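The structure under discussion appears below in the form of structure tokens.
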Amino acid sequence: MSELIIALSIIMVKVTVVFSVLMLMVAYVPLMERKVLGHMQVRHGPRRVGWHGLLQPIADGLKLFFKEEIIVDHANKGLYHLAPVLYMTCALALYAVIPFGNEINILGRVIPLHIADVNIGILYIFAISSLGIYGVVLAGWSSNNKYSLLGAIRASAQMISYELPLGLSIIGVVMLAGSLSMVEIVNAQENVWFILLQPFGFLLYLICAFAECSRTPFDLVECENELVAGYQTEYSSMKFALFYMAEYTHIIAVSAIAVTLFLGGWRDPLMSPVVWVLERIPVLGSLTIQLIGLVPPVVWFLMKVISFVFFFIWVRATFPRFRYDQLMGFGWKVLLPLTLVNIVITAFIMIIV
Amino acid sequence: MPIDYIPILAFLIFALMFAVGTIAMSSIVGTKKTTPEKMMPYECGVDPIGSARRRFPVKFFIIAVLFIIFDIEAVFLYPWAVIFKDLKVFGFIEMGIFILILFVGLIYAWKKGALEWE
């Protein structure tokens with residue numbers, strides 16, 4: 001009995017810690033985005049609230065929290081309220097299967113640092129992220145606004161079109177790891193990260209991930225000069241904030257999944273090729289190996305995720321937007337055949353080697 | 001094992017509580033002053049013309065149908081990919097034929113103009 005209570009409390013503590021760290025990241029990634037974008041455009045970004053704008057997320061959050069909640073006439077009220085909740089819950093639920101660290105030992109108890117290790121981890125992620133599309137569609141349809149409706153239709157068409165190549169691009173990883181469990185996939189990258197074995201798959205995943213989050217080269221969902229704000233036009237106060245947060249939650253989730261599948265998850269960069277090179281460098285090499293070994297796995301994981309998020313912001317500062325026909329054509333005529341070719345080539349090489 | 005999913009359930013409940021809680025709390029604290037103009041659907045300042053529940057291009061429906069077909073293909077590929085190391089050449093040829101058939105399907109849809117946006 002006491003064993004059960006201990007197990008349950010460990011689960012609760014893990015869930016709470018992951019949730020709090022995640023919320024902190026979701027609050028600060030927008031600030032990071034504004035700061036990085038600002039400096040890339042030779043300006044400062046927010047710096048009035050707190051030291052260099054560090055309290056800006058709290059100010060924004062409080063402002064949105066106390067705003068008036070507007071429900072448009074003839075909106076479908078039930079669905080109107082359901083949409084942001086569904087979207088946010090689905091975005092958050094993605095983190096339940098991502099391993100963020102090695103096992104740790106507390107009071108003689110071995111605690112693995114992941115919330116759940118299910119043997120269908122990747123399928124779970126795809127199922128949940130598909131459910132998230134419902135949030136967008138319901139939001140657009142229930143708000144009784146033409147811009148919302150158009151935005152939602154665009155968004156859903158874009159998301160389902162890019163979900164195909166997204167799902168197919170990581171089949172190479174599944175083939176190499178021989179498992180769908182995220183923990184097993186990280187374990188399979190002990191010697192070499194999968195980005196070195198699947199560079200093409202990684203590139204395809206990257207493109208599809210940008211489209212899935214509707215980030216800059218593919219942000220037609222909310223292109224303000226055509227659709228005002230897309231499916232969230234009629235949302236205000238905390239419901240708007242939930243959409244906004246869910247978007248950033250999704251970006252961090254996609255980064256964390258990319259890190260887990262291709263960049264070795266929580267592993268340090270001491271994979272065998274790197275060690276081979278470092279061992280050839282006198283003195284400095286072994287020193288580097290020792291220094292890298294000192295950093296805990298959780299820190300490596302967070303560092304990788306944050307650099308990936310930085311990459312997302314960098315791309316936003318660099319690229320213009322696609323046109324809608326280009327976007328759909330690119331997804332179906334270029335990415336989909338390329339992912340299939342990638343699978344066949346991977347299978348072919350695996351048979352030969 | 002179903003027991004593996006208990007932490008996921010806990011996390012889901014946590015996420016749901018957060019989402020519902022923030023909305024409910026903010027709708028209690030937020031100001032409430034409604035005017036007929038404020039409740040109008042936003043249409044760039046003009047009074048809205050007609051209902052927003054209108055027809056939209058059938059292209060989107062075709063994309064949805066194509067998505068279902070190819071998504072099922074993707075789902076079929078997953079179990080194959082997991083045990084690919086054991087199947088070797090047999091699995092390669094079998095799946096090669098499967099992918100080829102679907103590739104022909106994609107080219108057919110392409111030639112029929114299902115992927116064109118005008």
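In what follows, chains carry the letters A, B, and so on, assigned in the order in which the sequence lines appear, proteins first and then strands, with residues in each chain numbered from 1. Values in this document were obtained by computation on a predicted structure and should not be read as measured data.
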query: B:M95 versus chain A, heavy atoms under 4.5 Å apart: side chain, backbone, both or neither?
result: neither

message: Tell me which of these, A:I11, A:L164, A:V85, A:I70, has more heavy-atom pairs under 4.5 Å with chain B than the rest.
response: A:L164

Contact origin within A:I343 toward chain B - heavy atom pairs under 4.5 Å: side chain

message: At a 4.5 Å cut-off on heavy atoms, which part of A:I171 comes close to chain B: side chain, backbone, both, or neither?
response: both

query: Using non-hydrogen atoms only, which part of B:L16 is less than 4.5 Å away from chain A: side chain, backbone, both, or neither?
result: both

query: What part of A:F348 gets closer than 4.5 Å to chain B, counting heavy atoms only: side chain, backbone, both or neither?
result: both

field: Contact summary for B:K85 and A:M175, nearest pair of heavy atoms
entry: CE-O, 3.8 Å

message: Once rounded to the nearest 0.5 Å, what's the spacing between atom OH of B:Y5 and atom OH of A:Y124?
response: 9.5 Å

- line: So CD1 of A:I351 and CZ of B:F90: to nearest 0.5 Å the spacing works out to 11.5 Å

message: Tell me the closest heavy-atom pair linking A:A96 and B:F11, and the distance in Å.
response: CB-CD2, 4.1 Å

Largest heavy-atom contact set with chain A, pairs under 4.5 Å, which of B:I83, B:L66, B:V20: B:L66

- request: Specify the closest pair of heavy atoms between B:A19 and A:L242, including all atoms of both residues, with the distance to one decimal.
  value: O-CD1, 3.8 Å

task: Counting only heavy atoms closer than 4.5 Å, note whether A:P84 contacts chain B via side chain, backbone, both or neither.
output: side chain

statement: Output for pair (B:I23 CD1, A:M238 CE), nearest 0.5 Å, gives 8.5 Å

message: What part of A:A177 gets within 4.5 angstrom of chain B, counting heavy atoms only: side chain, backbone, both, or neither?
response: backbone

query: From A:C90 SG over to B:L12 CG, what is the distance, rounded to the nearest 0.5 angstrom?
result: 8.0 Å

A:S142, part contacting chain B, at a heavy-atom distance under 4.5 Å: backbone

Residue B:I107 versus chain A: region with a heavy atom under 4.5 Å: neither

task: Give, as side chain, backbone, both or neither, the part of A:L123 having an atom under 4.5 angstrom from any heavy atom of chain B.
output: side chain

message: Minimum heavy-atom separation for B:A10 and A:V15, please, with both atom names.
response: CB-CG2, 4.3 Å

query: Going by heavy atoms in the side chains, are B:F92 and A:M350 under 4.5 Å from each other?
result: no

query: Which atoms of A:K333 come close to chain B, meaning under 4.5 Å heavy atom to heavy atom: side chain ones, backbone ones, both, or neither?
result: both

task: Look up atom CZ in B:F61 and atom CD1 in A:I153, then write down how far apart they are to the nearest 0.5 Å.
output: 13.5 Å

- prompt: What residue, out of B:V75, B:I6, B:V29, B:I8, has the most heavy-atom pairs lying under 4.5 Å from chain A?
  reply: B:I8

- request: Working to the nearest 0.5 Å, report the span between CG of A:L340 and CG of B:L106.
  value: 7.5 Å

query: Is a side-chain donor or acceptor of B:Y78 paired with a backbone partner of A:G167 at a separation under 3.5 angstrom?
result: yes

message: Only pairs of heavy atoms separated by less than 4.5 Å count here; which of B:F67, B:F18, B:F70 has the most with chain A?
response: B:F67

message: Less than 4.5 Å to any heavy atom of chain B: does that hold for the side chain of A:V97, its backbone, both, or neither?
response: side chain

field: Side chain, backbone, both or neither of A:Q326 within contact of chain B (heavy atoms, under 4.5 Å)
entry: neither

statement: Of all heavy-atom pairs linking B:F60 and A:A157, the shortest is CD2-CB, 3.5 Å

query: With chain B, which of A:V174, A:V344, A:I160, A:I122 has the greatest number of heavy-atom pairs at distances under 4.5 Å?
result: A:I160

